[in-house]
A.B. asks: 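Below you'll find the structure I mean.
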Amino acid sequence: MTLLVDIDFSAESLLVARQLIGVTLLIDGVGGRIVETEAYDQADPASHTYAGKTPRNASMFGPPAHAYVYRSYGMHWCMNFVCREAGHGAGVLIRALEPTHGLERMRERRGVEKLELLCAGPGRLAQALGITRSLDGLPLDAPPFELLPGPAEPVELLVGPRIGITKAAHELWRFGLKGSKFLSRGFN
DNA sequence: TCGCCGATGTTCT
DNA sequence: GAACATCGGCGAT
């Protein structure tokens with residue numbers, strides 16, 4: 001059992017996105033503390049699931065606490081954690097984390113030395129952790145995944161509009177860890 | 001430091 | 001044929 005986090009993934013994505021900040025995500029022992037997330041839901045025009053189930057987004061309509069991995073702009077991978085009950089098409093995009101485990105492995109994969117650039121952005125994070133379509137649909141409570149709880153005391157959150165979308169661009173569904181140097185971009 | 005732009009493949013109209 | 005939940009390099013400030 002590697003899902004050691006007290007998070008109810010059957011809750012709505014907005015709630016899960018907030019609770020994931022501060023949680024440690026490892027894949028084959030490589031990763032770090034999640035510092036930035038975004039929430040998506042089927043009722044949300046910016047979501048891949050807005051128009052219904054397709055082969056690409058099928059895992060978003062599957063059971064919660066599973067991974068949804070898709071190709072972005074033809075050359076990057078991005079990962080979501082599926083939320084709510086099966087069939088709801090909701091999830092949380094993992095946008096950035098603070099590297100803590102397997103730093104040299106991440107540097108090899110990224111071809112970058114600077115710690116602040118290893119996992120700052122969904123595409124970079126996926127490259128650093130070796131995330132590809134092979135993880136799409138896999139459960140988060142079994143290897144290669146490992147989720148470890150963050151600090152006991154609540155963390156201070158930043159809130160802002162999601163990045164890189166054109167629809168529902170005003171919704172404040174992006175969350176970050178206040179004071180982190182590892183965000184993909186600043187909050188205003 | 002900021003902003004523009006091309007790369008590149010899948011999905012959907 | 002267009003859009004796209006991105007990134008890195010380039011040139012201008």
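Heavy atoms only: backbone and side chains are in, while hydrogens, waters and symmetry mates are out.
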A.B. asks: Is any side-chain heavy atom of Tyr40(A) less than 4.5 Å from a side-chain heavy atom of Thr49(A)?
C.D. replies: no
A.B. asks: Using Watson-Crick pairs (N1 to N3, plus N6-O4 or O6-N4) and G-U wobble pairs, both distances under 3.5 Å, which stems of at least 3 pairs involve DNA chain C?
C.D. replies: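 Stems (3+ consecutive pairs) listed as B:1-7 with C:6-12, B:9-12 with C:1-4.
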A.B. asks: Under 6.0 Å from the six-membered ring centre of Trp77(A) and within 45° of its axis: does the NZ or CZ of Arg133(A) meet both?
C.D. replies: no
A.B. asks: Tell me what Leu93(A) touches on the nucleic acid: a base, only sugar-phosphate, or nothing, going by heavy atoms under 4.0 Å.
C.D. replies: base
A.B. asks: Nearest whole angstrom, please: distance from the C1' of dT8(B) to the CD of Gln127(A).
C.D. replies: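 Interatomic distance, CD of Gln127(A) to C1' of dT8(B): 15 Å.
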A.B. asks: Counting only side-chain nitrogens and oxygens, does Thr166(A) get under 4.0 Å of the OP1 or OP2 atom of dC4(C)?
C.D. replies: yes
A.B. asks: For DNA chain B, whose closest nucleotide is more 5', that of Pro55(A) or that of Ser72(A)?
C.D. replies: Ser72(A)
A.B. asks: Let me confirm one number: the CG-CG distance from Leu103(A) to Leu118(A), rounded to the nearest 0.5 Å.
C.D. replies: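 Going from the CG atom of Leu103(A) to the CG atom of Leu118(A) covers 7.0 Å.
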A.B. asks: Regarding Gln127(A) and Arg110(A), is there a side-chain donor-to-acceptor distance under 3.5 Å anywhere?
C.D. replies: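 There is such a pair between these side chains.
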A.B. asks: Identify which nucleotide among dT11(B), dC7(C), dG8(C) has an atom closest to any side-chain atom of Pro122(A), counting heavy atoms from C-beta outward.
C.D. replies: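 The answer is dC7(C).
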A.B. asks: Using whole Å, what does the distance between atom P of nucleotide dC12(B) and atom NZ of Lys53(A) come to?
C.D. replies: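 Atom-to-atom, Lys53(A) to dC12(B), this comes out as 13 Å.
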A.B. asks: CG of Asn80(A) versus C1' of dC4(C): gap in Å, rounded?
C.D. replies: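 After rounding, the reported distance stands at 15 Å.
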A.B. asks: Side-chain contact, heavy-atom cut-off 4.5 Å: Cys78(A) with Val69(A)?
C.D. replies: no
A.B. asks: Counting any heavy atom closer than 4.0 Å, what does Thr54(A) reach on the DNA or RNA strands: base, sugar-phosphate only, or nothing?
C.D. replies: sugar-phosphate
A.B. asks: Could you tell me whether the side chain of Tyr73(A) has a donor or acceptor atom within less than 3.5 Å of a complementary atom in the base of dA5(C)?
C.D. replies: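 Counting by modelled atom types and ignoring angles, no donor-acceptor contact under 3.5 Å is found here.
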A.B. asks: So, using side-chain contact (heavy atoms from CB on, under 4.5 Å) as the criterion, who are the partners of Ser134(A) when residues are at least two apart?
C.D. replies: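 side-chain contact (heavy atoms from CB on, under 4.5 Å) check on Ser134(A) returns Thr132(A).
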A.B. asks: Give a yes/no answer on whether the side chain of His76(A) brings an N or O atom under 4.0 Å of OP1 or OP2 in dC7(C).
C.D. replies: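 For dC7(C), OP1/OP2 do not have a side-chain N/O of His76(A) under 4.0 Å.
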A.B. asks: Where the side chain of Lys167(A) is defined as all heavy atoms beyond and including C-beta, which of dC4(C), dG8(C), dA5(C) is the nearest nucleotide?
C.D. replies: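 The answer is dC4(C).
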A.B. asks: So, does Arg174(A) get its side chain near the phosphate of dA5(C), meaning an N or O under 4.0 Å from OP1 or OP2?
C.D. replies: no
A.B. asks: Check the side chains of Ser184(A) and Arg95(A) for a donor-acceptor pair under 3.5 angstrom, ignoring hydrogens and angles.
C.D. replies: yes
A.B. asks: Please walk me through it: do Arg162(A) and Glu38(A) pass salt bridge (Lys or Arg N to Asp or Glu O under 4.0 Å)?
C.D. replies: CA-CA 7 Å; Arg162(A) 294 173 295 179; Glu38(A) 284 178 0; 5.3 Å; no
A.B. asks: Tell me the interatomic distance from Ile163(A), atom CD1, to dC4(C), atom P, rounded to whole angstroms.
C.D. replies: 16 Å
A.B. asks: Of all the choices, dG8(C), dT10(B), dA5(C), which nucleotide is nearest to the side chain of Arg71(A) once you look at every atom?
C.D. replies: dT10(B)
A.B. asks: Could you check which of dA5(C), dT8(B), dT11(B) has an atom nearest any side-chain atom of Met75(A)?
C.D. replies: dT8(B)
A.B. asks: Determine whether Asp41(A) and Arg84(A) satisfy the following criterion, salt bridge (Lys or Arg N to Asp or Glu O under 4.0 Å), listing intermediate values before the conclusion.
C.D. replies: CA-CA 9 Å; Asp41(A) 190 271; Arg84(A) 302 200 62 180; 3.7 Å; yes
A.B. asks: Tell me: CG of Leu183(A) to P of dC7(C), nearest whole Å?
C.D. replies: 13 Å
A.B. asks: Using whole Å, report how far CE of Met60(A) lies from C1' of dA5(C).
C.D. replies: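 Nearest whole value for this atom pair: 10 Å.
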A.B. asks: Find the distance Glu116(A):CD to dG8(C):P and express it as a whole number of Å.
C.D. replies: 14 Å
A.B. asks: Would you check if Tyr70(A) stacks with the base of dA5(C), given a 5.5 Å centroid limit and a 30° plane limit, both strict?
C.D. replies: no
A.B. asks: Could you state the NE2-P distance from His48(A) to dA3(C), rounded to the nearest angstrom?
C.D. replies: 16 Å
A.B. asks: If each of Val112(A) and Gly74(A) is mapped to the nucleotide of DNA chain C with the nearest heavy atom, which maps nearer the 5' terminus, i.e. the 5' end?
C.D. replies: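 By nearest-heavy-atom nucleotide position, the 5'-most residue is Gly74(A).
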A.B. asks: With a non-hydrogen cut-off below 4.0 angstrom, is Met79(A) in contact with a base, only sugar-phosphate, or nothing?
C.D. replies: nothing
A.B. asks: What is the nucleic acid contact for Arg185(A), judged by heavy atoms within less than 4.0 Å: base, sugar-phosphate only, or nothing?
C.D. replies: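 Result for Arg185(A) = nothing.
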A.B. asks: Over all strands shown, is Arg56(A) touching base, sugar-phosphate only, or nothing at heavy-atom distances under 4.0 angstrom?
C.D. replies: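 It contacts sugar-phosphate atoms only.
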